[in-house]
Amino acid sequence: MIIVTREGITEEELDHIRERVEAMGLRTHVSRGEHRTVIGCVGDEGRLLHVPLTSIPGVETVHEVMKPYKLAAREFSADPTRVTVGKMDFGGTELGVIAGPCTVEGSDMLRETASRVGAAGARALRGGAFKPRTSPYSFRGLGEEGLRILAQVREDTGMPVVTEVMDTRQVELVASYADVLQVGARNMQNFALLSEVGRLRRPVLLKRGMSSTVKDFLLAAEYVMSQGNPNVILCVRGIRTFETATRNTFDLDAIPVLKQETHLPVIADPSHAAGRRPLVAPLAYAAVAAGADGLMIEVHPDPECATSDGEQSLDLNEFDALMAALRPFASAAGRTLPAPSEAVASMSV
Ligand code: PEP
Ligand code: MN
């Protein structure tokens with residue numbers, strides 16, 4: 001249930017409304033927007049049926065949220081949520097670009113990638129240290145050594161790092177190095193993991209499961225949020241269909257649907273959606289046009305030799321070209337991109 005308060009409500013009135021709701025055993029979440037404050041109430045709403053909420057001073061209207069997700073529902077927040085990563089906010093006007101290799105393979109390749117993608121306007125560096133691989137015989141990442149390399153490159157370049165956590169047992173370790181905890185498509189419904197990352201305040205990049213509905217996706221976000229972590233960035237990365245021409249089917253419509261359903265930032269990963277390098281740029285443009293708040297792009301200095309996902313990784317020059325070509329799409333969508341920075345470009349690698 002959502003209580004929309006009157007403009008100019010006093011703190012005492014707000015506290016009183018919350019006390020009345022909490023006295024009935026529900027939890028309250030206050031969201032202060034530019035123009036209005038809403039109080040989200042979570043719990044057994046039946047208990048509020050006999051409370052004359054609209055007659056409490058300061059209450060303007062009361063709405064039931066019919067969706068199974070509450071904290072993630074659009075109505076629960078007065079304004080779109082912004083999730084701060086390093087120097088930028090995902091969910092604001094800037095298009096947030098995260099770029100880097102599928103897997104951290106060593107410090108030289110990561111440093112070179114970071115300085116080039118940062119110079120081109122990416123705001124965060126991605127790279128897997130613990131990799132979910134379909135075959136147990138494939139390279140599964142450098143583990144903690146990969147995390148150490150990410151932290152070192154963050155120190156050298158100033159770029160925040162995004163890396164995947166696959167298991168509840170790794171959360172503490174990964175969180176001791178990473179700025180953003182990625183929960184991958186295969187783990188979108190690992191409820192124990194979602195709850196564990198929910199206990200931290202570290203931003204969570206939650207990828208859509210390849211066979212999950214938008215509702216499942218938002219309920220997964222709800223798991224994280226219900227533990228107290230509001231910093232969730234949703235990432236669409238294509239879903240599995242009968243189509244075999246692409247690695248996944250990029251269901252672009254999920255972006256505007258999510259933007260209607262939730263206040264959380266929504267970014268797109270065209271690399272995993274397409275699975276093939278030439279498709280990454282057109283899907284990136286389409287995602288921006290559809291309203292994405294950001295992009296995650298796989299970039300490798302030598303895709304031919306990548307240990308994973310080389311066929312969908314852009315090389316450093318291709319990434320520069322993508323960022324340049326994105327600008328008109330970003331500005332048509334009312335988004336900004338940072339200017340390519342000579343400072344980062346000239347950093348020694
Ligand atoms: C990844 O981003 O490296 C990854 C494994 O993606 P997904 O979970 O979307 O398959
Ligand atoms: Mn990958």
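None of the values given here were measured: they were computed from a predicted structure. Whatever order the structure lists them in is the order used to number ligands and atoms, beginning at 1.
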Contact partition for Met210 relative to ligand 1, non-hydrogen atoms under 4.0 Å: neither
Give a yes/no verdict on whether any heavy atom in Arg208 is under 4.0 Å from an atom of ligand 1. no
Using only atom types and a distance under 3.5 Å, with no angle test, would you say the side chain of Arg208 pairs donor to acceptor with the backbone of Ser212? yes
Atoms of ligand 1 under 4.0 Å from any heavy atom of Arg186, numbered from 1 in the order shown, are 7 (P), 8 (O), 10 (O)
Specify which N/O/S atom of Asp309 comes nearest to the Mn ion (ligand 2), by atom name. OD2
Do Lys131 and ligand 1 have an N or O pair less than 3.5 Å apart? yes
SG (Cys102) to the Mn ion (ligand 2) to OE2 (Glu298) angle, given to the nearest 10 degrees: 90°
Contact check: Arg237 vs ligand 1, nitrogen or oxygen atoms, below 3.5 angstrom: yes
Can you see which heavy atom on Lys207 is nearest to which on Ala185, and at what distance? CB-N, 3.8 Å
Side chains of His29 and Ser31: any donor to acceptor distance under 3.5 Å? no
Protein heavy atom at shortest distance from atom 6 (O) of ligand 1: Lys207 NZ, 3.0 Å
Is it true that Thr249 and Glu243 share a donor-acceptor pair across their side chains at a distance under 3.5 Å? no
Could you tell me whether the side chains of Arg202 and Asn229 share a donor-acceptor contact shorter than 3.5 Å? no
Quick one: does any side-chain atom of Gln170 pair with a main-chain N or O of Met166 as donor and acceptor, under 3.5 Å? yes
Check the side chains of Arg18 and Thr28 for a donor-acceptor pair under 3.5 angstrom, ignoring hydrogens and angles. yes
Pairing residues for Asp302 by the side chain to side chain donor-acceptor pair (under 3.5 Å) criterion, not counting sequence neighbours: none
Looking only at protein heavy atoms, which one is nearest to atom 4 (C) of ligand 1, and what is the separation? His272 NE2, 3.5 Å
Would you say Ala185 and ligand 1 have an N/O pair spaced under 3.5 Å apart? yes
Which atoms of ligand 1 are found less than 4.0 Å from any heavy atom of Gly184? 8 (O)
